[in-house]
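Read the structure below first, then the notes.
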Amino acid sequence: MAVSAHPYAEVVIDLPLPQPLTYRIGDSDALAEPGRCCVVGVGRRQSMGLCVARSAMAGVGEERLRPVRRWLDEVAPLGNDWLEFTRFAADYYQHPWGQVAVAALPPFLRALPGPRWAAAVARLRTAAPEAAAQAPAPVLPPLNDEQRAAAEAVMATAGFAPFLLHGVTGSGKTEVYLAAIEHLLAADPRAQALLLVPEIGLTPQLQSRLRARFPGEPIACLHSGLADAERSAAWLAAHEGRARIVLGTRLAVFASLPRLRLIVVDEEHDPSYKAGDGVRYSARDLAVKRAQMLGIPVVLGSATPALESWAQAMRGRYRLLRLPRRATEAAQPQVEMIDLGQHKPTSGLTEPLRTAIAETVARGEQALVFINRRGYAPVVACEACGWLSACPRCAVYAAYHKSDGALHCHHCGWHSRVPRACPTCGNQNLQAVGQGTQRIEEALAGALPGARILRIDRDSTRRRGAADAALAAVHEGATDVLVGTQMIAKGHDFQRVTLVGIVNADAQLVSHDFRAPERLFSTIVQVAGRAGRSGLPSRLLVQTRFPEHPLFAALRRFDYEGFARSQLAERQAAGMPPYRPQALLTAQARTLQAALDFLAHARALGRALDVEATLYDPVPMPLERLAGVFRAQMLAEAPRRSALQGFLRAWLARLREAEPPRGPRVRWQIEVDPLEI
Ligand code: ADP
Ligand code: ZN
Ligand code: ZN
């Protein structure tokens, strides 16, 4: 392409700008091409940029355009497919392209290059990721019939093919992914595979499984827990095709993979795939889109698929692959409800649960007690006047942690010593009300003298390496009873756990969030999946005030499909996702009124547009005040996705142009397909 025909570069940067910026390309800039990183002047500063196109026309003000200051030739340009993919994500989530694309680049491509940049890049190239030494290959169990059918279905595809692999916990889903990856890498020496997992905590385990399975093959790991240099080196290895297997958390969906031929999303239902700040993308949904754009297969795997994915499978848009039984001889645990109306708990534990734990420990087996709340008690109360411990900066209670004798806010991190006496009436007899992991740990220690009890939650694992050490203790059998939060629910292959107790399931049963039952069902199935993996008979005990609830009836039979059918029927009748797509506009301000006023203003602008969208009333968010900032939200809905997208584009453009209402400054954000409302 002659430079003179397209003398301008369209460059995106990591700033909230609606359009790429235009720069001049000098005659000598042979490097100027889409996908190339560059340094540009923006205002008085310099910034890293990414060229997304060359253009012939600069429009007005041509003479004022600045030249690109520097093109970075040390790194090959990003591919066109990658640029298109990030542009899709930006459009879909209503976010500036640069804040998606440049923000997705690794640390070394986001900081301005210093004098030794070229040497630093060369060093990244020689750094990780290493391959495991070539070992006499590991002995693999042959795939069973269902696994083989699933793997073959994936391997046999050409072009875009989305699969939903619905397999009970321990059914051998991972083996199916590995078989498909193995086939791919053998068939095409340059092909790349992307494997996504929901949590950093799940990467070491899978990484070692991959290393054992693919000796000699470098595995690039991408997640936010890595040091900058490690992450940059892994990114570069993927970008340059040196790593053919990339394992990562949600941010890895944006990795540059020039020869990507297969995507796997493990535990696809997991809410961690949804980003909580910046561009609120769903890595699962983007993985499917990326596969579609590339014309390759994508496998979504779960024991409890997201209802969105299940609905797609029921409509025939995703091909359903089933692994209905565990791969080993292990049976699923027997499920029983403990009626809290009949059995009064002390310190959170009922008599039947205590007894079951004691029996398990006496047999030399392990018990796992799950409670989704850390700390000792969620609140401290004065029974004389009704005072309750609250975070001064958030609209929530402050939890009591016995380990440091302090009140903690689990939302903003505020903490303070527990007052000696009630701050309102002076009563010295304050009570810790309800249970957290610390109190359950204490109660178990009292009930089971001599038993080795281990607590795993965010507090107990703050030190680097503490979580791995704790999990190792469970695997080695150095623990009799494990108490923990979500952290122990996922993925772990504990061999000697034969009893799982769920302390309190009811908070989620009576939640205002329409997704709460779906989440509760999947959490319990995940936790239950830790039981009986070695083949010993196992039990799942759930303490609840509602033992007859239909959710528990489905759980007793591990009937995900029946549960999904009834939930989807309810959602369809009520006009909720996945039948009606949603977006959520949130506003944050120093006063609640300012946030609500802003949303009312936004609603007026939206209603003036002639489109098929519904805007609901602005309301305070469930967590109305966070770290001193008031928050409000407004839900937008449309009958179809295309209608919602069209509406959002027009509406947000109006909102950005229009004069905001008078009053305190308001920050706002849009979230497409919100998970929490
Ligand atoms: P999932 O990902 O569905 O939870 P995994 O792939 O982790 O299941 O497999 C669960 C356990 O079953 C693992 O210990 C694995 O080694 C074993 N396993 C998987 N497939 C087979 C098979 N075909 N035969 C015997 N054991 C298997
Ligand atoms: Zn009081
Ligand atoms: Zn707080």
Side-chain angles (χ1 to χ4, degrees), residues 138-151 165-181 195 197-198 202 205-206 208-210 212-213 264-268 270 299-305 321-332 379-399 406-416 419-431 475 489-495 525-535 623-631:
V139 189
L140 301 171
L143 296 182
N144 61 37
D145 291 349
E146 288 101 355
Q147 283 173 311
R148 189 164 340 101
L165 178 60
H166 176 221
V168 299
T169 54
S171 58
K173 294 184 288 297
T174 311
E175 290 301 324
V176 173
Y177 311 148
L178 299 184
I181 293 173
L195 177 50
V197 291
L202 295 176
Q205 185 177 303
L206 201 53
S208 48
R209 213 159 145 180
L210 285 164
R213 180 63 170 266
V264 174
V265 184
D266 190 24
E267 310 287 6
E268 63 87 32
D270 199 295
V299 183
L300 311 180
S302 177
T304 51
L321 305 169
R322 285 189 176 91
L323 302 180
R325 25 180 201 116
R326 281 187 163 181
T328 55
E329 290 308 304
Q332 293 275 16
V379 66
V380 170
C382 168
E383 285 173 356
C385 77
W387 173 84
L388 294 167
S389 59
C391 172
R393 317 195 313 143
C394 305
V396 290
Y397 296 131
L407 295 170
H408 287 256
C409 174
H410 290 176
H411 292 276
C412 75
W414 171 89
H415 54 96
S416 167
R420 275 176 209 289
C422 172
T424 311
C425 75
N427 169 20
Q428 299 203 345
N429 191 18
L430 297 178
Q431 303 291 326
H475 286 293
K490 297 177 192 171
H492 305 290
D493 198 7
F494 299 134
Q495 283 293 308
V525 169
Q526 288 296 323
V527 189
R530 300 316 109 217
R533 294 179 80 93
S534 63
L623 181 53
E624 174 183 319
R625 188 161 51 101
L626 177 68
V629 177
F630 285 90
R631 302 148 19 114

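Remember, it's 1-based here, ligands and their atoms both numbered in the order they're listed. Computed from a predicted structure; not experimentally measured.
The side-chain heavy atoms of R325 and Q332, taken from C-beta on, include no pair separated by under 4.5 Å. Side-chain contact between E146 and R322 is absent, with no heavy-atom pair separated by less than 4.5 Å. Using a 4.5 Å heavy-atom threshold, the side chains of L407 and P419 count as touching. Side-chain contact between L430 and R420: absent, with no pair of heavy atoms (C-beta onward) separated by less than 4.5 Å.
Using a 4.0 Å heavy-atom cutoff, S171 is listed among the residues neighbouring ligand 1.
Close contacts of ligand 1 with G172, meaning ligand atoms under 4.0 Å from a residue heavy atom, involve 1 (P), 3 (O), 5 (P), 6 (O), 8 (O), 9 (O), 19 (C). Residue E175 has at least one heavy-atom neighbour below 4.0 Å for each of these atoms of ligand 1: 6 (O), 19 (C), 20 (N). Within ligand 1, counting atoms from 1 as listed, the ones closer than 4.0 Å to a heavy atom of N144 are 23 (N). Atoms of ligand 1 lying under 4.0 Å from at least one heavy atom of D493, given by number and element, are 14 (O). Residue P142 approaches ligand 1 through these ligand atoms, each under 4.0 Å from one of its heavy atoms: 22 (C), 23 (N), 24 (N).
Counting protein heavy atoms only, atom 7 (O) of ligand 1 is closest to R209 NH1, 3.1 Å. Regarding atom 25 (C) of ligand 1, its nearest protein heavy-atom neighbour is P141 CB, 3.5 Å. Given atom 17 (C) of ligand 1, the protein heavy atom at minimum distance is T328 CG2, 4.0 Å. Looking only at protein heavy atoms, the nearest one to atom 27 (C) of ligand 1 is A327 CB, 3.6 Å. Protein heavy atom nearest atom 2 (O) of ligand 1, with residue, atom name and distance: T174 OG1, 2.7 Å.
Atom NE2 of H475 has more than 12 neighbouring heavy atoms from other residues, nucleotides or ligands inside a 6.0 Å radius. Counting non-hydrogen atoms of neighbouring residues, nucleotides and ligands closer than 6.0 angstrom, the CZ atom of F494 exceeds 12 such neighbours.
Distance check: E624 CD to R631 CZ gives 10.0 Å after rounding to the nearest 0.5 Å.
Between the Zn ion (ligand 3) and C394 there is an N/O/S contact shorter than 2.8 Å. None of the N, O or S atoms belonging to H410 lies under 2.8 Å away from the Zn ion (ligand 3).
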Working note: L323 + V168, criterion side-chain contact (heavy atoms from CB on, under 4.5 Å); need CA distance, chi angles, decisive distance, verdict. CA-CA 7 Å; L323 302 180; V168 299; over 6 Å; no
Go through the steps for V299 and V265 under the test side-chain contact (heavy atoms from CB on, under 4.5 Å), then give the verdict. CA-CA 6 Å; V299 183; V265 184; over 6 Å; no
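When only interatomic distances are considered, the shortest N/O to N/O separation between K173 and ligand 1 falls below 3.5 Å. Between T169 and ligand 1, a contact under 3.5 Å exists for no N or O pair.
Rounding to the nearest 10°, we obtain 100° for the angle at the Zn ion (ligand 2) between C385 SG and C422 SG. Rounded to the nearest 10 degrees, the angle SG (C412) to the Zn ion (ligand 3) to SG (C391) equals 110°.
By heavy-atom distance, the residue among E146, Q147, E267 lying nearest atom 23 (N) of ligand 1 is Q147. Remark: among candidates G301, S534, G529, G170, the nearest residue to atom 10 (C) of ligand 1 is G170, based on non-hydrogen atoms.
Using modelled atom types, one finds no donor on one side chain facing an acceptor on the other under 3.5 Å when comparing D145 with Q147.
Of all the heavy atoms of R326, none lies under 4.0 Å from any atom of ligand 1, so neither backbone nor side chain is involved.
Salt bridge annotation for E329-R533: absent, with no cationic side-chain nitrogen under 4.0 angstrom from a carboxylate oxygen. Comment: K173 does not engage E268 in a salt bridge, judged by the lack of any side-chain N to carboxylate O separation of less than 4.0 angstrom.
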